[in-house]
Amino acid sequence: MTADARLLPVDSESTAALAATGLRYGLVDTTDRTAFAAWDQADSRGFHEGRLSEQTIDANFANLAYRRTTGVWDDTIPDAAVPVATVSTWVAELTVPGPAIVPAWAVSSVTVAATHRRRGIARALMEGELRTAAAADVPLAILTASEATIYGRYGYAPATTVATLEVDRRRVTWAGLTPTGRVHFVEPASARSIVEEISARAVRRIPGEIDRWGGRFDQHFGLIAPDSDRGRSIRTARYDDADGTAQGVVAFRLVEQDPDIIRLEVEHFTATTDDAYAGLWKFLLEHDLVTSIRARHRSIDEPLPLLLADRRAVRWSEVEDFLWVRVLDPIATLESRRYGSAGRLDLEITDALGFAAGRFRLEVAADGSASVTRVSSVPDAGTDAAAAATATLSLPVNQLGAIFLGGIRPTVLAAAALIAADSPETLALADRLFAAERAPHLSIVF
Ligand SMILES: CC(=O)SCCNC(=O)CCNC(=O)[C@H](O)C(C)(C)COP(=O)(O)OP(=O)(O)OC[C@H]1O[C@@H](n2cnc3c(N)ncnc32)[C@H](O)[C@@H]1OP(=O)(O)O
């Protein structure tokens with residue numbers, strides 16, 4: 001794999017397709033602040049956000065310059081320095097069941113200007129980035145989607161689910177374990193100075209999480225504009241275990257909707273242990289005067305309700321698809337994770353873009369490790385008795401991405417006719433194999 005994906009040239013096929021319509025596809029020089037600022041403003045406009053302040057551009061320039069930053073320019077428009085389309089990508093570390101880590105081509109900032117939409121620009125960019133990722137030997141691509149209808153056509157499918165959690169604090173009686181450590185209020189800059197190390201440990205425990213970048217913590221902790229109303233409203237606290245080692249960080253703000261209704265909004269929550277998880281939640285719930293606590297992008301199998309005397313004090317809403325996965329290399333992708341049981345399964349994969357198409361044999365050992373080989377798509381029973389006898393799951397590449405992290409069972413996808421198995425036993429085997437140690441969860445938008 002390339003050491004610096006940022007510098008790989010843009011895909012030649014997409015360059016030619018866009019040039020045929022008078023558009024120029026290229027990389028942004030992320031050492032050039034002026035060029036980066038034009039791209040950053042286009043990205044913000046594409047997401048219907050306001051003009052970025054110089055302070056925000058400075059922060060993005062400092063934090064996001066490591067990414068592969070691409071744009072499409074139309075030299076015939078008045079403000080030709082501002083791209084009419086944007087995408088940024090980087091090689092992230094995705095945690096997979098095991099847990100283990102696999103490099104993933106993270107795709108973000110996909111925008112096309114309202115003046116240039118629906119003429120194939122996004123398709124050229126999405127397909128171009130997939131070809132670049134595959135050529136760089138990155139086994140899969142990932143994204144979080146603004147709409148659920150955009151990315152299936154490129155071979156992505158949702159692999160994790162998130163929900164918003166809201167606690168009615170007046171109903172709370174703590175009934176869970178007694179945390180062994182202590183919570184300390186710390187200033188945001190102090191929390192920021194320790195969170196990277198704590199977060200690195202936390203995300204490696206949870207399939208579906210990716211490694212973080214500094215700017216995301218700055219946002220959560222209000223440090224991009226610390227003197228703004230939002231910056232000043234952020235409170236941060238640290239959880240130290242019984243030995244005094246920091247094991248968690250939380251950032252939150254209090255929103256007064258009415259003198260009698262005060263909501264505590266969780267902006268950031270990292271815990272590396274069950275003890276730290278309980279300690280930080282107990283602390284948040286112990287805020288007198290607060291009526292409710294709201295946290296977005298939480299896992300659907302949070303233990304929080306089980307720590308309270310009245311589990312219905314916790315309500316869930318906005319249960320949505322979150323991390324989308326697109327497999328490019330089935331062998332490297334499937335071999336990167338551990339499986340729920342031993343067994344052998346053939347996967348007959350279709351892929352309109354060609355990357356992952358073929359028949360692949362997944363053989364899982366007793367320790368959950370896998371070896372994957374490409375086998376003939378048309379097995380000859382005479383010469384390949386194993387292929388003829390092997391349980392076979394037939395699926396489009398999207399659905400391979402869906403089941404990869406163990407977030408949805410093959411049986412459920414088969415019930416929706418999205419995948420097919422040669423027998424009910426094959427489906428049951430696929431369910432057992434792809435089961436993960438916990439529900440996969442990504443807790444940030446990117
Ligand atoms: C990972 C992320 O960054 S998620 C963020 C995505 N971006 C946004 O939501 C910002 C606002 N939206 C936009 O900027 C644009 O509308 C985009 C990027 C979603 C689409 O850009 P366009 O250049 O118009 O798309 P393009 O013309 O290439 O369309 C390609 C295909 O996607 C379809 N499509 C495009 N946008 C949408 C949409 N919003 N919903 C459903 N289908 C869509 C098109 O119909 C077309 O279908 P087909 O080729 O299968 O017939």
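Along the sequence shown, residues are numbered consecutively beginning with 1. Whatever order the structure lists ligands and atoms in, that order sets their numbers, starting from 1.
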Novice: Side chain to side chain contact (heavy atoms under 4.5 Å, CB included) for Val102 and Thr333? Distances and angles first, verdict last.
Specialist: CA-CA 8 Å; Val102 67; Thr333 298; 5.8 Å; no

Novice: Is it true that Phe446 and Trp213 have ring centroids separated by less than 6.0 Å?
Specialist: no

Novice: Under 3.5 Å, N or O to N or O, is Arg118 touching ligand 1 that way?
Specialist: yes

Novice: Compare Arg45, Glu147, Arg153 and give the one whose heavy atom is closest to atom 43 (C) of ligand 1.
Specialist: Arg153

Novice: Could you tell me if the ring centre of Tyr239 sits under 6.0 Å from that of Tyr277?
Specialist: no

Novice: Can you say whether the rings of Tyr154 and Tyr151 are parallel (under 30°), tilted (30 to 60°) or perpendicular (over 60°)?
Specialist: tilted

Novice: Do Ser423 and Thr426 have a side chain donor and acceptor closer than 3.5 Å?
Specialist: yes

Novice: So is His48 polar-close to ligand 1, meaning N/O to N/O under 3.5 Å?
Specialist: no

Novice: Does the pair Val107 and Met126 meet the rule for a side chain to side chain contact (heavy atoms under 4.5 Å, CB included), with working shown?
Specialist: CA-CA 9 Å; Val107 180; Met126 294 305 297; 4.2 Å; yes

Novice: Please list the nearest protein heavy atom to atom 21 (O) of ligand 1 with its residue and the distance rounded to 0.1 Å.
Specialist: Ala122 CB, 3.2 Å

Novice: Which protein heavy atom lies closest to atom 4 (S) of ligand 1, and at what distance to 0.1 Å?
Specialist: Tyr151 OH, 3.2 Å

Novice: Can you report which non-hydrogen protein atom sits closest to atom 14 (O) of ligand 1, along with the distance?
Specialist: Val112 N, 2.9 Å

Novice: For Trp324 and ligand 1, answer yes if some heavy atom of the residue is under 4.0 Å from a ligand atom, otherwise no.
Specialist: no

Novice: So, do Glu209 and Ser443 sit near enough that their side-chain heavy atoms are less than 4.5 Å apart?
Specialist: yes

Novice: Quick check on contacts: which atoms of ligand 1 are under 4.0 angstrom from a heavy atom of Gly46?
Specialist: 10 (C), 11 (C)

Novice: Give a yes or no on whether a salt bridge exists between Arg326 and Glu129, defined as a side-chain N under 4.0 angstrom from a carboxylate O.
Specialist: no

Novice: State whether the shortest distance between N or O atoms of Arg123 and N or O atoms of ligand 1 falls below 3.5 angstrom.
Specialist: yes

Novice: Is there a side-chain contact between Arg68 and Val10 in this structure, where contact means two heavy atoms from C-beta onward sitting under 4.5 Å apart?
Specialist: yes

Novice: Looking at atom 29 (O) of ligand 1, what's its closest protein heavy atom, distance included?
Specialist: Tyr154 OH, 4.5 Å

Novice: Could you check whether any side-chain heavy atom of Leu400 comes within less than 4.5 Å of a side-chain heavy atom of Leu334, counting everything from C-beta outward?
Specialist: yes

Novice: Closest non-hydrogen protein atom to atom 41 (C) of ligand 1, residue and atom name please, with distance?
Specialist: Thr149 OG1, 3.3 Å

Novice: Can you name the atoms of ligand 1, numbered from 1 with element, that are less than 4.0 Å from a heavy atom of Thr111?
Specialist: 14 (O)

Novice: Report the nearest protein non-hydrogen atom to atom 8 (C) of ligand 1: residue, atom name, distance rounded to 0.1 Å.
Specialist: Ser146 OG, 3.5 Å

Novice: Please state which protein non-hydrogen atom is closest to atom 19 (C) of ligand 1 and give its distance, to 0.1 Å?
Specialist: Ile150 CD1, 3.6 Å

Novice: Please classify the Arg119 to ligand 1 contact at 4.0 Å (heavy-atom distances, strictly less than): side chain, backbone, both or neither.
Specialist: backbone

Novice: Regarding ligand 1, does Val110 bring an N or O atom to under 3.5 Å of one of the ligand's N or O atoms?
Specialist: yes

Novice: Protein heavy-atom contact under 4.0 Å for atom 24 (O) of ligand 1?
Specialist: yes

Novice: Under 4.0 Å, heavy-atom basis, I'd like to know which part of Arg117 is in contact with ligand 1: side chain, backbone, both or neither.
Specialist: both

Novice: Please indicate whether Arg235 has more than 12 foreign heavy atoms, meaning atoms of other residues, nucleotides or ligands, lying under 6.0 Å from its CZ.
Specialist: no

Novice: Before accepting this row, confirm whether a basic side-chain N of the pair Arg338/Glu437 lies closer than 4.0 Å to the acidic partner's carboxylate O.
Specialist: no

Novice: When you look for heavy atoms under 4.0 Å from ligand 1, do you find them on the side chain of Val107, its backbone, both, or neither?
Specialist: backbone

Novice: Need the ligand 1 atom indices (1-based, order shown) with element for anything under 4.0 Å from a heavy-atom of Gly120.
Specialist: 26 (P), 27 (O), 28 (O)

Novice: Provide the closest heavy-atom pair for Ile419 versus Pro410 in the form atom of the first, atom of the second, distance.
Specialist: CD1-O, 3.3 Å

Novice: Which salt bridge (charged side-chain N to carboxylate O under 4.0 Å, His left out) pairs, counting each pair once, include a residue from residues 400-413, with sequence neighbours left out?
Specialist: Arg409-Asp431

Novice: May I ask you to identify, for Ser109, whether its side chain, its backbone, both or neither come under 4.0 Å of ligand 1 on a heavy-atom basis?
Specialist: backbone

Novice: Right, does atom 50 (O) of ligand 1 have protein non-hydrogen atoms nearer than 4.0 Å?
Specialist: yes

Novice: Nearest protein heavy-atom contact for atom 1 (C) of ligand 1: which residue, which atom, what distance?
Specialist: Thr144 O, 3.3 Å

